[in-house]
Amino acid sequence: MQVVALVSGGKDSSFNMVKCVENSHEIVALAHIHPPAGGEKDELDSFMYQTVGSNGIQLIAECLDLPLYLQETKGNAISQTLEYSKTDNDETEDLFALLSKVKEHHPEVSAVSVGAIFSRYQSNRVQNVCDRLGLQMLAYLWQRDQKELLHEMVVEGIDAVLIKVAAMGLGKDDLGKSLAQMEQKLLDLDQKYGVHVCGEGGEFESFTLDSPMYKKKIVLDEVEVVTHSDDAFSPVLYLRIKKAHTEPKQ
């Protein structure tokens, strides 16, 4: 099938694209939900979307050499029940608008690549939008064992760095570290505090610098550490990408 990939910038959406290709699908376009342009907030605390790192998404499209479709969201979760039905002004409707735009430009698209692993709240909403648009949801990471999945990402060449931390045991020093560098620490924190090693409890978010599908790789030249919440035990910190570029792979 020809597929549009929902890309957050993070490891899960990147790795699910790899799995789509392994299963003989073709990624023909990328789709991304972003915070309001020109706004001061990188982090919207959306229930649905990763917004930290959004300003680097154009570089991911360049690395994949694919067209990128964008849709703004204000991150309003009007409907917060587990199940979802069409709700005006809800952030889920931003996804409907985005995928409608993709279908208009790529009528051949019949499926959506989604990096969902654990959140039924999110997967139910994506499924609702797919059903309304006649699209199939491809979520090859869904309900995978997170420890096995994290290791598989590292082994198969997903070079993603932590761009946000929000959990006991994670801090400023962990920002910018790769999955490979963080794997053992995340396993240790799982044993100690019950941290989800793939960040499915909101413990961290990531940004993918390289992937088996990238034709180039991303280099972060300048970042700024932003304190989103100064909690004494689990501060919420993230990296704002100020300058970055792509370069050829070795």
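The figures here come from the full heavy-atom set of this structure, side chains too, leaving out hydrogens, waters and symmetry mates. These numbers come from a predicted model, not from an experiment. If you read the sequence from its start, that first residue is 1, and numbering goes on from there.
Taking CG of Leu70 as the reference point, atom NE2 of His32 lies at 6.5 Å (rounded to 0.5 Å). Atom-to-atom distance recorded for Leu95:CG and Thr73:OG1 is 9.5 Å, nearest 0.5 angstrom. Rounding to the nearest 0.5 Å places CZ of Phe15 at 10.0 Å from CG of Leu150. Once rounded to the nearest 0.5 Å, the distance linking NE2 of His245 with NZ of Lys217 reads 8.5 Å. The OH atom of Tyr214 sits 7.5 Å away from the CG atom of Leu209 when rounded to the nearest 0.5 Å. We find the OH-OG distance between Tyr49 and Ser8 to be 12.0 Å, quoted to the nearest 0.5 Å.
The two residues Lys74 and Asp94 make their nearest non-hydrogen contact at N-OD2, 4.2 Å.
When each of Lys164, Arg240, Lys242 is paired with Asp42, the salt bridge (Lys or Arg N to Asp or Glu O under 4.0 Å) condition holds for Arg240 and for no other.
Using a 4.5 Å cut-off on side-chain heavy atoms (C-beta onward), Val28 and Val109 make contact.
In this structure, a donor-acceptor pair under 3.5 Å is present between the side chains of Asn16 and Ser113. Counted by atom type alone, His151 and Glu183 present one or more donor-acceptor pairs between their side chains at under 3.5 Å.
Remark: the backbone N or O of Met48 is paired with a side-chain donor or acceptor of Ser46 at under 3.5 angstrom. Side-chain atoms of Lys11 come within 3.5 Å of backbone N or O of Cys198 as a donor-acceptor pair. No side-chain donor-acceptor contact under 3.5 Å links Gln191 to the backbone of Asp188. Here the side chain of Asn55 pairs a donor or acceptor atom with the backbone of Ile241 at under 3.5 angstrom. Looking at Thr87, its side chain does come within 3.5 Å of a backbone N or O of Ser85 through a donor-acceptor pair. Of the possible donor and acceptor atoms, none in the side chain of Asn128 sits under 3.5 Å from a partner among the backbone N and O of Asn124. Using a distance-only test at 3.5 Å, with no hydrogens or angles considered, no donor-acceptor pair links the side chain of Asp65 to the main chain of Lys215. Remark: the backbone N or O of Ser79 is paired with a side-chain donor or acceptor of Asp90 at under 3.5 angstrom. Side chain of Asp145 to backbone of Lys147: a donor-acceptor contact under 3.5 angstrom is found. The backbone N or O of Asp210 lies less than 3.5 Å from no partner atom in the side chain of Thr208, so there is not a single donor-acceptor pair.
Judged by the 6.0 Å distance and 45° axis criteria, Arg120 is not positioned over the aromatic ring of Phe118.
Within the structure, every pair that satisfies the ring pair (Phe, Tyr, Trp, His ring centres under 6.0 Å) test and touches residues 84-115, not counting sequence neighbours, is listed here: Tyr69-His105, Tyr69-His106. Within the structure, the side-chain hydrogen bond (donor to acceptor under 3.5 Å, both in side chains) test picks out the following pairs touching residues 193-206 (sequence neighbours left out): Gln146-His196.
Taking the charged nitrogens against the carboxylate oxygens, Lys101 and Glu104 have no contact shorter than 4.0 Å, which rules out a salt bridge. A salt bridge is absent between Lys216 and Glu247; no separation between the charged side-chain nitrogens and carboxylate oxygens falls under 4.0 Å. Contact check on Arg132 versus Glu93 returns a salt bridge, with a Lys/Arg side-chain nitrogen under 4.0 Å from an Asp/Glu carboxylate oxygen.
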